[in-house]
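A short worksheet on the structure shown next.
All of these numbers come straight from a predicted model, not from anything done at the bench.
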Amino acid sequence: MNRLSKNIKTMVLPFMVALFLFGCSEKEAQADSKTASGIWQLEQFRFYIYPKPMDIPEDFSVEGLKGGTIKADDLHGKITLLNFWATWCPPCRAEMPSLEKMHKLMKGTDFQIVAVDVGESKSQVEAFISKEKYSFPVYLDESGTWSSIFASRGIPTTYVINKERKIVAVVIGGLEYDQPEL
């Protein structure tokens, strides 16, 4: 099958079906398909895609390791990778280098990593981050308030939050975030 035929089957045909079934304009069908295909592609990396995006709690707030606080409102306007982890967790430690690579690769885009340590002291987390020389933003949930909600099934747990501050996907367990496909 030549490249043009393949493109027609994989790109044009879904738009035509959408036009027929839903009566939307071609431009609307292309925008919806593009958004959906980006989200649905996460499934190949073990992410669960929520059927309906969910709001992040309005009172979400965690203290930054280097000071400051990130709140729910700060997640608006950027794609956010919200990662819950701990220094004692082997799968968490294994995925950290790939998070660092992703952070460096995505610098200057509408993307951010919010890595939230689960229930450890600031000094423990500082020592680990300093030793490993990670530069992505790290936050603390020393009391476990948010971790008990977001990471109740285990760590690492990572959420994808869209630019409208809606949770669209989650994966439980370690992942290599520096894969070119991701």
Checklist entry - Could you walk me through whether Ile70 and Leu75 pass the side-chain contact (heavy atoms from CB on, under 4.5 Å) check? => result CA-CA 8 Å; Ile70 193 160; Leu75 305 180; 3.9 Å; yes

Item to check | Nearest-0.5 Å distance, CG of residue Asp73 to CD of residue Glu58 | outcome: 6.5 Å

Next on the checklist: Taking the side chain as everything from C-beta on, heavy atoms only, tell me whether Val62 gets closer than 4.5 Å to Thr69.
Outcome noted: no

Checklist entry - Looking just at side-chain N and O atoms, do Ser121 and Glu142 make a donor-acceptor pair shorter than 3.5 Å? => result no

Item to check | Parallel, tilted or perpendicular: rings of Phe84 and Tyr159 (30°, 60°) | outcome: perpendicular

Checklist entry - Passes side-chain contact (heavy atoms from CB on, under 4.5 Å), Tyr177 versus Thr158? Steps please. => result CA-CA 11 Å; Tyr177 290 96; Thr158 304; 2.9 Å; yes

Checklist entry - How many angstroms lie between atom CE of Met102 and atom CZ of Phe136, to the nearest 0.5 angstrom? => result 12.0 Å

Checklist entry - So, do Trp88 and Ile155 sit near enough that their side-chain heavy atoms are less than 4.5 Å apart? => result yes

Item to check | All ring pair (Phe, Tyr, Trp, His ring centres under 6.0 Å) counterparts of Tyr48, not counting sequence neighbours | outcome: Tyr50

Item to check | Straight-line distance of Trp85 CH2 to Arg93 CZ, nearest 0.5 Å | outcome: 9.0 Å

Item to check | Minimum heavy-atom distance Met96-Phe128, with the two atoms named | outcome: CE-CE2, 4.2 Å

Checklist entry - Are any of the side-chain heavy atoms of Leu65 and Leu140 separated by less than 4.5 Å? => result yes

Checklist entry - Ser98 side chain to Glu95 main-chain N or O, any donor-acceptor pair under 3.5 Å? => result yes

Item to check | Full working for side-chain contact (heavy atoms from CB on, under 4.5 Å) between Leu175 and Phe47 | outcome: CA-CA 10 Å; Leu175 192 62; Phe47 278 88; 3.5 Å; yes

Next on the checklist: Using the rule given for ring-ring contact (aromatic ring centres under 6.0 Å, His included), can you reason through Trp146 versus Tyr139, listing the C-alpha separation, both sets of side-chain angles and the distance that settles it, and then say yes or no?
Outcome noted: CA-CA 11 Å; Trp146 293 109; Tyr139 298 87; over 10 Å; no

Next on the checklist: Just to verify, which of Ile79, Asp55, Ile56 counts as forming a side chain to side chain contact (heavy atoms under 4.5 Å, CB included) with Ile161?
Outcome noted: Ile56

Item to check | Donor-acceptor side-chain pairing of Asp74 and Gln112 below 3.5 angstrom | outcome: no

Next on the checklist: Can you tell me how far apart NZ (Lys52) and CD1 (Ile167) are? Round to the nearest 0.5 Å.
Outcome noted: 13.5 Å

Checklist outcome for this item: Between Ala72 and Pro57, the two heavy atoms sitting closest are CB-O, 3.4 Å

Checklist outcome for this item: Correct closest heavy-atom pair for Lys163 and Asp110 would be NZ-OD2, 3.4 Å

Checklist entry - Quick check: are there more than 12 heavy atoms from other residues, nucleotides or ligands sitting under 6.0 Å from NZ of Lys71? => result no

Checklist entry - How long is the gap from CG on Leu99 to CG on Asn83, to the nearest 0.5 Å? => result 5.0 Å

Next on the checklist: How close do Thr145 and Ser143 get, counting heavy atoms only, and between which atoms?
Outcome noted: OG1-OG, 2.7 Å

Checklist entry - In this structure, which one of Glu132, Gln124, Glu120 forms a side chain to side chain donor-acceptor pair (under 3.5 Å) with Thr87? => result Glu120

Checklist entry - How long is the span from the NE2 atom in His103 to the OG atom in Ser135, to the nearest 0.5 Å? => result 4.0 Å

Next on the checklist: With clusters defined by side-chain heavy atoms of hydrophobic residues (ILVMFWY) lying less than 4.5 Å apart, directly or transitively, does Ile172 cluster with Val160?
Outcome noted: no

Checklist entry - Does the pair Asp117 and Lys122 meet the rule for a salt bridge (Lys or Arg N to Asp or Glu O under 4.0 Å), with working shown? => result CA-CA 9 Å; Asp117 179 81; Lys122 184 174 183 176; over 6 Å; no

Checklist entry - Hey, mind stepping through Ser147 and Ile149 against side-chain contact (heavy atoms from CB on, under 4.5 Å) and telling me if it holds? => result CA-CA 5 Å; Ser147 306; Ile149 296 168; over 6 Å; no

Checklist entry - Closest heavy-atom contact between Ala94 and Glu176? => result O-OE2, 3.9 Å

